[in-house]
Every structure is written in structure tokens, then in C-alpha cells.
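Each ligand, and each atom within it, is numbered from 1 in the order the structure gives.
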Amino acid sequence: MTKRISLTQYLVEQQREHGHIPAQLRLLIEVVARACKRIAISVNKGALGEVLGTAGSENVQGEVQKKLDIISNEVLIEANVWGGHLAAMASEEMDTIHVVPDRYPQGEFLLLFDPLDGSSNIDVNVSIGTIFSVLRKVNNQRGVSEEDFLQPGKQQAAAGYCVYGPQTTLVLTVGRGVAVFTLDREQGSFVLTAENIQVPEDTKEFAINMSNQRHWDAPVTRYINECLAGKEGPRGKDFNMRWVASMVADVHRILTRGGVFLYPWDKREPDKPGKLRLMYEANPMAYLIEQAGGQATNGHQRIMDMVPTKLHERVSVMLGSKNEVQRVTDYHRESAS
Ligand code: AFP
């Protein structure tokens, strides 16, 4: 029988070998993983758990909240609030930060999450997921404010996501490569199933919402048109297209077999830099992709170098196979010069 390594064992061994997962961070990751198991149970129940449909409310970005968005948000808060590993949390589903109340010890980390990414897929039984990003609280005073969260993605202490699909899979980086854990439902534990995964540098697959094509700017139009031209075009090869409309599922495919994911700025709302959120969608995914040898930019600069100016900041996203992201980023540079 092959040796099974649990998430806990992986974290303990990593700490022993490299010393980069202190006790509070280990607790944080284990608590997030436990919360994801609870969310997976609700997702699996679907209509039987009466968790489908809308909640009748909107989040801070004016998006209609699904019941599972709210349930997942509550599960993550409840699981994380008391352990003493966090100072505060921030979520796509909350207007402002959730500070750990005084009755609990305050930890050294800040946790950000999109509790249920891809929520338009909930009711139609397509893969969805939880995305999370971990930052250190840099100032040592007791209080914590939104400003403490406004750190560039390169300062993340850890990041990951959990996909609720045919399998429930937790994907994690603590800055030394990317590890994948699959939930063993009978045992109720995450088991290491892949380590040091690498995104192939080249690809023949792109992911973009093509229905927005007429609103894109010139560099993105050029890049996609060249892919669509296939063998007869300047790229000299045929491309395939995939779009799940859950970033977690699209990124998971790219981490597994390569590809490029684009959610670009578009002309309809020129003042909005993009659809996706920088701090709890783009940054954690960029960290994972870079740790797997890929690249992530907004078309102009590395996503993880961007200094956020607000919690729910949006960003244009291009990530995945290194040479493709470089190409589309070069097209942006050429069109600006
Ligand atoms: P939610 O965060 O509201 O669930 O939206 C999902 C998402 O942010 C991301 O996961 C998808 O890639 C993208 O939106 C899908 O967008 P389209 O609706 O344009 O396909």
C-alpha cells in the first residue's frame, strides 16, 4: 500500500525541513481546510440541504448573494475566529473587515477569502470553490484596520483554494511549491495526492468569456484572434477553448495541464480595472501559478507587485502558462508604445 500523507503530516514535515510554517500558520491552514470540508458537505447536499437559490441580499459589490455564499462565509468565520491565529478576516461577502473580538487572543495573521467562487454555477451542479489568501499583520499593536490588509500579493504567507467538483481538492502554497490534497470522504481527511506541480510553459488552450469579445481592448483582441486563427494563422497551431465560469475550476485545470486564463478590462466600464477582485481572487491564484512556474499579470505588470488601495479592489487578470502570459503582456506593452 502506498504511504498516505495527511495535510497535518505534510505541514509538520515541511516545518521540520524548512521551518517556514510556524504553529499559528499551521493551525490557520488546518482550520481553513476543516471549514472547506464543512462547505463541501453543504455543497454536496444541494437541494436536499435546502441550500440552493438566492439569499435575497446583495454583497458590497452589488452582486446577488446565493444562500451558499452566505453559509460558506459564516462557516469560515466561525471556524477561524477563536483559534488565536488571526487578527482579522476579510471576505468578498462582507463590506468591511471582521476583527477578532477581544475575548479571543489576537494572532499574527490576516485571512482573506472568496468563500464560494463561481456562485452562478451552484444551482447547476458545476464545480465551484473557496479561495483564500494569508497575510501577516505587519504592525504589532493590538488594533487592526483595513489598511493592515493593503499589502501587495508578494507578501502573502500562504494561499490556496478548494474545488468542490467531482473530487474535493485542496491546493496550497506556503511559498515552497504547490501541493494538492484530495478529500478522502470516508476518512474525512485531506490526503496529499500531488506535490511540486508545474504549469507547462506552453499551451494550446485558452480560457476567456468570449461573449465579451466586442468590448475588449486591442492587445487582448489580437491575442485571441491569433489563437482562433489556428494552424493557418501566425501561431501555426490550433487552440482549444474552455470556460467554466468558476475561476477555481479554470485555474485548477491550468495548474493540472497548462493553459491561459484571461479576465481582461473591458470598454463597458472603463473606470473599472476588471471584474475579479485583487486581494482574494487574483493574488492567491497568482501566487499558486507563480509557485508552479507560471506567470500572472494584469497585462501591464505582475499582479503580486500591485499595491492595493482598497479591500475590494478589482483587477484585470492574465495568468497561466508562462510563455502565453508573456506574449499577451508583450502585446499590451507594444500597443502602449
Ligand atoms: P463570483 O465570485 O461572483 O462567484 O463570480 C465568479 C467569477 O468571479 C470567477 O470565478 C469567474 O471566472 C468569473 O466570475 C465568471 O464570469 P462570467 O460571468 O463573465 O463568465
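Interface of W243 with ligand 1, defined as ligand atoms under 4.0 Å from a residue heavy atom, comprises 12 (O), 15 (C), 20 (O). The contact set between ligand 1 and E92, taken as ligand atoms under 4.0 Å from a residue heavy atom, comprises 2 (O), 3 (O). Annotation for ligand 1: atoms under 4.0 Å from non-hydrogen atoms of S246 are 10 (O). For ligand 1, the atoms lying closer than 4.0 Å to a non-hydrogen atom of S119 are 1 (P), 3 (O), 4 (O). Each of the atoms 9 (C), 10 (O), 11 (C), 12 (O) of ligand 1 lies under 4.0 Å from some heavy atom of M247. Every atom of ligand 1 is numbered from 1 in the order shown, and the set under 4.0 Å from a heavy atom of D114 is 2 (O). Less than 4.0 angstrom separates some heavy atom of R277 from each of these atoms of ligand 1: 2 (O), 8 (O). Near E281, meaning under 4.0 Å from any of its heavy atoms, are these atoms of ligand 1: 2 (O), 8 (O).
Among L25, V134, L28, the single residue meeting the side chain to side chain contact (heavy atoms under 4.5 Å, CB included) criterion with H85 is L28. Exactly one of Y280, Y164, Y161 qualifies for a side-chain hydrogen bond (donor to acceptor under 3.5 Å, both in side chains) with T130. That residue is Y164. Among E290, Q326, E201, the one residue that satisfies the side-chain hydrogen bond (donor to acceptor under 3.5 Å, both in side chains) test with Q295 is Q326.
Ring pair Y223/F206: centre-to-centre distance not below 6.0 Å.
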Legend entry - salt bridge (Lys or Arg N to Asp or Glu O under 4.0 Å) assessment of R253 paired with D250: CA-CA 5 Å; R253 186 189 57 256; D250 281 312; 2.9 Å; yes
Inset, instruction - Please step through ring pair (Phe, Tyr, Trp, His ring centres under 6.0 Å) for the pair F181 and Y10, ending with a clear verdict. - result: CA-CA 10 Å; F181 302 84; Y10 171 85; 5.2 Å; yes
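Ranking protein heavy atoms by distance to atom 8 (O) of ligand 1, first place goes to L276 CD2, 3.2 Å. The protein non-hydrogen atom at the shortest distance from atom 18 (O) of ligand 1 is K275 NZ, 3.5 Å. At the top of the distance list for atom 19 (O) of ligand 1, counting protein heavy atoms only, stands Y263 OH, 2.5 Å.
At a 4.0 Å heavy-atom cut-off, ligand 1 does not touch V244 at all. Under 4.0 Å from ligand 1, the heavy atoms of F261 that appear belong solely to its side chain.
In this structure, of D117, N212, V248, the residue bringing a heavy atom nearest to atom 7 (C) of ligand 1 is D117. Checking I208, V251, N209 against atom 17 (P) of ligand 1, the nearest heavy atom belongs to N209. Taking all heavy atoms of G274, A245, S120, A207 into account, the minimum distance to atom 11 (C) of ligand 1 is reached by A245.
The aromatic rings of H20 and H18 sit perpendicular, their planes meeting at an angle over 60°, well past the 30° parallel limit. The aromatic rings of W243 and Y263 are tilted relative to each other, their planes meeting at an angle between 30° and 60°.
Salt bridge status for E17 with R176: absent, with no side-chain N to carboxylate O gap under 4.0 Å. Under a 4.0 Å N-O distance rule, the pair K154/D305 qualifies as a salt bridge.
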